[in-house]
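Keep in mind that this is a model prediction, so the values were computed, not measured.
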Amino acid sequence: MVTRRLGSVGVHDRDRRKNNTRASITKFLAISLVTALIGVFAVTSADADALEQRRVEVLELKVQNDQYAYTDLDPKGPSLGDTYVYSGTAIKDGRSVGRGGGACQVIHINGEELMTQCLITMELNRGSLAMQSLWVSGTSQLDMAITGGTGDFSNARGIVRYWDIATPKERVRAEILH
């Protein structure tokens, strides 16, 4: 039978293999980390490029309200579920460019303050815009999220601001991301 003595050479080989294994694992982890970071930066860069490629369209219109109804549920007076329903015409440079309408439903009451959830759809010749927001009834300004649309606005997102609500001076500015 042949036996081999490890002696000092065998111990060094074992230590060298341990060090090589440790170095290999360290290299593997470092390469994995770098690869992951490159992937994150690539995705972040792609997202930034996608945002830069999106076009912003601005519409500034007057609103001419023509119909309005208030449904007062029991109990009489302000209560949860009471609903305002309205419609009107979108005006640009003195001429009609679309129609719209929506509803705001009371969802929270705090003293005299009525919090409503509002949904509005504005139909223009190129398609419709759907909007949604919370609004404290009676305030003169409302910011709404564009949640979608149809036609040229099928992938639209953005923000719409209404001023002077329910007055003859009511106006709207839509910043639409395409």
Side-chain angles (χ1 to χ4, degrees), residues 36-73 77-178:
L37 287 174
I38 288 171
V40 168
F41 288 130
V43 169
T44 302
S45 176
D47 287 346
D49 290 344
L51 283 176
E52 288 176 14
Q53 292 174 2
R54 291 192 88 171
R55 181 175 57 89
V56 177
E57 177 180 358
V58 177
L59 296 176
E60 293 193 7
L61 306 167
K62 290 180 73 174
V63 176
Q64 191 173 57
N65 293 301
D66 56 13
Q67 295 183 2
Y68 174 84
Y70 175 70
T71 303
D72 184 8
L73 300 177
S79 59
L80 293 180
D82 289 357
T83 305
Y84 305 94
V85 181
Y86 42 85
S87 65
T89 303
I91 308 288
K92 177 77 174 177
D93 299 326
R95 62 181 184 81
S96 171
V97 294
R99 300 246 340 122
C104 293
Q105 186 173 40
V106 176
I107 61 167
H108 185 80
I109 300 172
N110 184 14
E112 296 294 312
E113 184 179 279
L114 303 179
M115 174 67 70
T116 63
Q117 176 169 305
C118 300
L119 304 170
I120 296 176
T121 301
M122 184 183 299
E123 182 72 35
L124 303 167
N125 62 352
R126 295 176 23 229
S128 66
L129 288 170
M131 298 161 260
Q132 180 175 351
S133 182
L134 295 179
W135 179 57
V136 174
S137 183
T139 57
S140 69
Q141 183 175 305
L142 168 63
D143 289 338
M144 301 189 82
I146 296 173
T147 58
T150 64
D152 288 352
F153 307 114
S154 63
N155 293 316
R157 294 289 182 257
I159 189 166
V160 177
R161 175 168 282 175
Y162 287 84
W163 290 277
D164 300 319
I165 297 168
T167 73
K169 294 180 180 182
E170 185 172 342
R171 61 195 195 286
V172 61
R173 176 186 169 95
E175 295 177 4
I176 307 161
L177 294 174
H178 291 279

Point-to-point distance, once rounded to the nearest 0.5 Å, from CG of Leu129 to CE of Met144: 11.0 Å
Expected output: side-chain Asp72 to main-chain Gly77 donor-acceptor under 3.5 Å: yes
Pairing residues for Thr150 by the side chain to side chain contact (heavy atoms under 4.5 Å, CB included) criterion, not counting sequence neighbours: Ser128
Interatomic distance, Asp66 atom CG to Tyr86 atom OH [nearest 0.5 angstrom]: 13.0 Å
Leu114 CG to Gln105 CD distance, which is reported to the nearest 0.5 Å: 12.5 Å
Rounded distance (nearest 0.5 Å) linking atom OG1 of Thr139 with atom CD1 of Ile165: 6.0 Å
Met122 vs Ile146 side-chain heavy atoms within contact, under 4.5 Å: no
Ile109 to Ser79 - nearest heavy-atom pair and separation: CD1-CA, 3.4 Å
Distance (rounded to the nearest 0.5 Å) between Asp93 CG and Leu61 CG: 9.5 Å
Under the side chain to side chain contact (heavy atoms under 4.5 Å, CB included) test, residues paired with Gln132 that sit two or more places apart: Gln117, Leu119, Thr147
Least distance between heavy atoms, Arg99 atom then Ser87 atom: NH2-OG, 3.9 Å
Heavy-atom pair of closest approach, residues Tyr84 and Ser137: OH-OG, 3.1 Å
Inter-residue atom distance Leu73.CG - Leu80.CG, 0.5 Å rounding: 9.5 Å
Side chain proximity check, Asn110 to Met115, heavy atoms < 4.5 angstrom: no
Disulfide bond (SG atoms under 2.5 Å apart) contacts touching residues 111-178 (sequence neighbours left out): Cys104-Cys118
Main-chain N/O of Gly81 paired to Thr83 side chain as donor or acceptor, under 3.5 Å: yes
Side-chain donor/acceptor pairs under 3.5 Å, residues 169-178, sequence neighbours excluded:
{"residue": "Glu170", "atom": "OE1", "partner": "Asn65", "partner atom": "ND2", "Å": "2.7"}
{"residue": "Glu170", "atom": "OE1", "partner": "Ala166", "partner atom": "N", "Å": "2.9"}
{"residue": "Arg171", "atom": "NH1", "partner": "Asp164", "partner atom": "OD2", "Å": "2.7"}
{"residue": "Arg173", "atom": "NE", "partner": "Glu175", "partner atom": "OE2", "Å": "2.9"}
{"residue": "Arg173", "atom": "NH1", "partner": "Glu60", "partner atom": "OE2", "Å": "2.2"}
{"residue": "Arg173", "atom": "NH2", "partner": "Glu175", "partner atom": "OE2", "Å": "3.3"}
{"residue": "His178", "atom": "NE2", "partner": "Glu57", "partner atom": "OE1", "Å": "2.6"}

Flag side-chain contact, heavy atom, 4.5 Å: Leu124 against Asp152: no
Sequence neighbours excluded - ring-ring contact (aromatic ring centres under 6.0 Å, His included) pairs with any residue from residues 108-137: none
Side chain to side chain contact (heavy atoms under 4.5 Å, CB included) involving Asp143 - partner list, sequence neighbours excluded: Gln141, Ile159, Arg161
